[in-house]
> 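Shown below is the structure under consideration.
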Amino acid sequence: MSSTLYSIKNKVAVISGGGGVLGSNIALHFLKAGAKVVIIDIREETINEKLVTFKKISKDCIGYVGNVLDKESLEQIREDIINKWKRIDFLINAAGGNIPGATLTPGQTFFDMKMEDFDKVTDLNLNGSVLPCMVFGKCMADQKSGAIVNVSSMATYSAITRVPGYSVAKTGINIFTQWLASEMALKFGEGIRVNAIAPGFFIGDQNRKVLINEDGSLTERSKKVMARTPMNRFGNIDELNGTVQFLCSEAASFITGVILPVDGGFSSFSGV
């Protein structure tokens, strides 16, 4: 087996949401693997904080304040990257997440949901990946090569209570991933691939209170998750890195339009 099959060394990777838990973790992994990394985040202080850590690993990392829902700001970032590194090889769309107003409490029903919150969460989690694909994917179309990795969710496999907007948006990511994979291959050649990962249940800042009680015990929601997870544990955020690297590398050269679960078996288990 070639030692370069899974290599991403010297490749240029753009990671939206690069200041968040998922995005920054992937960024750090890619830097350690020898890639050149660009992180984009809406929070300047977060970018600066992450870059201090990243530059201890590699000097080949830069950060930009950008809004994934603002095409013009993304286009300016694209031009800066091209001027510096001449190309863009990978796009990882890690920007997204739920918002409090779009998550129903146990006592609420669908009829209590505010449409403005629904719109915010669907806009961020769907259009917040479509626009970066449109902007940075153009470079890949021009150079006839590249790999895009979107982020889906277990909320697309079957209905998960309380998160209607997030579920709808991530389900949209699935069909968008498949559609764009076909579009790129048919019109710009086999060198451009578009896939998605579908993370299972990982403990993060956004869902910690929903999954873990203040005393560290599992909430009732977590107990239901564990009952459907054959591995009987939450994922470690590091366990997503290898999957993303694989999908970007030449090892996945004939894989496009796939939504790959990283979920400890949650999506394949009936609970019986």
Side-chain angles (χ1 to χ4, degrees), residues 15-25 39-47 65-74 92-135 150-177 179-180 196-214 218-225 228 234-235 237 240 259 263 266-267:
I15 302 175
S16 74
V21 174
L22 174 58
S24 64
N25 201 269
I39 61 169
I40 301 172
D41 202 280
I42 202 167
R43 303 159 297 179
E44 183 175 10
E45 66 280 4
T46 303
I47 291 177
V65 177
N67 184 344
V68 292
L69 296 174
D70 183 344
K71 187 180 179 185
E72 288 186 2
S73 76
L74 296 177
I92 294 97
N93 282 310
N98 220 329
I99 61 174
T103 302
L104 301 177
T105 66
Q108 288 181 311
T109 73
F110 169 70
F111 305 106
D112 298 309
M113 184 182 68
K114 295 180 179 179
M115 276 307 299
E116 54 264 39
D117 292 326
F118 183 90
D119 289 343
K120 286 177 184 177
V121 79
T122 53
D123 205 22
L124 172 61
N125 285 283
L126 181 54
N127 293 337
S129 290
V130 173
L131 279 169
C133 286
M134 186 178 292
V135 172
N150 294 321
V151 178
S152 180
S153 168
M154 282 299 103
T156 71
Y157 284 80
S158 57
I160 293 178
T161 59
R162 299 172 54 190
V163 287
Y166 183 80
S167 300
V168 167
K170 290 302 187 181
T171 302
I173 285 291
N174 289 0
I175 193 61
F176 172 68
T177 296
W179 182 88
L180 188 61
I197 60 170
F201 289 84
F202 295 74
I203 302 296
D205 294 338
Q206 293 182 339
N207 66 359
R208 186 176 301 277
K209 290 183 179 180
V210 176
L211 297 177
I212 302 294
N213 292 315
E214 290 186 7
L218 298 182
T219 63
E220 289 304 310
R221 193 172 182 84
S222 283
K223 291 175 183 177
K224 293 178 182 178
V225 170
R228 281 283 308 275
F234 292 111
I237 197 70
L240 295 170
I259 293 86
D263 67 346
F266 183 93
S267 59

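Side chains are part of it too, since the values below use all heavy atoms of this structure and drop only hydrogens, waters and symmetry mates.
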> Quick one: closest heavy-atom pair of Tyr157 and Ser153, and the distance?
CD1-O, 3.7 Å

> I'd like to check the side-chain hydrogen bond (donor to acceptor under 3.5 Å, both in side chains) partners of Ser24; sequence neighbours left out, ordered by chain and number.
none

> So which heavy atom on Phe176 is nearest to which on Cys133, and how close?
CE2-SG, 3.8 Å

> Sub-3.5 Å donor-acceptor pair from the side chain of Lys224 to the main-chain atoms of Thr219, do we have one?
no

> Hey, does the side chain of Ser222 reach the backbone of Leu211 with a donor-acceptor pair shorter than 3.5 angstrom?
yes

> For the atom pair CG (Asp112) and NZ (Lys114), what is the distance rounded to the nearest 0.5 Å?
10.0 Å

> Output the distance between atom CG (Asp263) and atom CZ (Arg228), rounded to the nearest 0.5 Å.
9.5 Å

> Between Asn213 and Leu218, does a side-chain contact (heavy atoms from CB on, under 4.5 Å) hold up when you go through it step by step?
CA-CA 6 Å; Asn213 292 315; Leu218 298 182; 5.8 Å; no

> If you compare all heavy atoms of Phe110 against all heavy atoms of Leu104, which two are closest, and at what distance to 0.1 Å?
N-CD1, 4.0 Å

> Starting from the C-alpha separation in whole Å, work towards a yes-or-no answer on side-chain hydrogen bond (donor to acceptor under 3.5 Å, both in side chains) for Thr46 and Asp41.
CA-CA 8 Å; Thr46 303; Asp41 202 280; 5.0 Å; no

> So Met134 and Leu74, side-chain contact (heavy atoms from CB on, under 4.5 Å) or not? Walk me through it.
CA-CA 10 Å; Met134 186 178 292; Leu74 296 177; over 6 Å; no

> Can you establish whether the number of heavy atoms outside Glu72 located under 6.0 Å from its atom CD is more than 12?
no

> Show your reasoning for whether side-chain contact (heavy atoms from CB on, under 4.5 Å) applies to Thr177 and Ser152.
CA-CA 9 Å; Thr177 296; Ser152 180; over 6 Å; no

> Once you round to the nearest 0.5 Å, how far does CD1 of Ile197 lie from CD1 of Ile173?
11.5 Å

> Starting from the C-alpha separation in whole Å, work towards a yes-or-no answer on side-chain hydrogen bond (donor to acceptor under 3.5 Å, both in side chains) for Asn67 and Ser73.
CA-CA 7 Å; Asn67 184 344; Ser73 76; over 6 Å; no

> Donor-acceptor check, side chain of Asn125 to backbone of Val121, threshold 3.5 angstrom: yes or no?
yes

> Minimum heavy-atom separation for Met154 and Ala198, please, with both atom names.
CE-O, 3.4 Å

> Keeping Arg162 on the side-chain end and Thr103 on the backbone end, is there a donor-acceptor pair under 3.5 Å?
no

> Quick check on side-chain contact (heavy atoms from CB on, under 4.5 Å): which of Asn174, Ile92, Asn93 does Asn150 satisfy it with?
Asn93

> Step through the shown structure and confirm whether more than 12 heavy atoms of other residues, nucleotides or ligands are within 6.0 Å of CD on Gln108.
yes

> Could you go through Leu240 and Asn25, starting from their C-alpha distance and side-chain angles, then the distance that decides it, and tell me whether this counts as side-chain contact (heavy atoms from CB on, under 4.5 Å)?
CA-CA 9 Å; Leu240 295 170; Asn25 201 269; over 6 Å; no

> Could you state the interatomic distance from CD1 (Ile175) to CG (Leu126), rounded to the nearest 0.5 Å?
11.5 Å

> Hey, does Ile259 have a side-chain heavy atom less than 4.5 Å from the side chain of Lys170?
no

> Restricting to non-hydrogen atoms, name the atom on Val151 and the atom on Ala94 that form the minimum distance, rounded to 0.1 Å.
CG2-CA, 4.2 Å

> So which atom in Val65 and which in Ile47 form the shortest heavy-atom distance, rounded to 0.1 Å?
N-CD1, 3.6 Å

> Out of curiosity, Thr122 OG1 to Asn127 CG, how far, rounded to the nearest 0.5 Å?
7.5 Å

> What's the separation between atom OH in Tyr166 and atom OG1 in Thr156, rounded to the nearest 0.5 Å?
9.5 Å

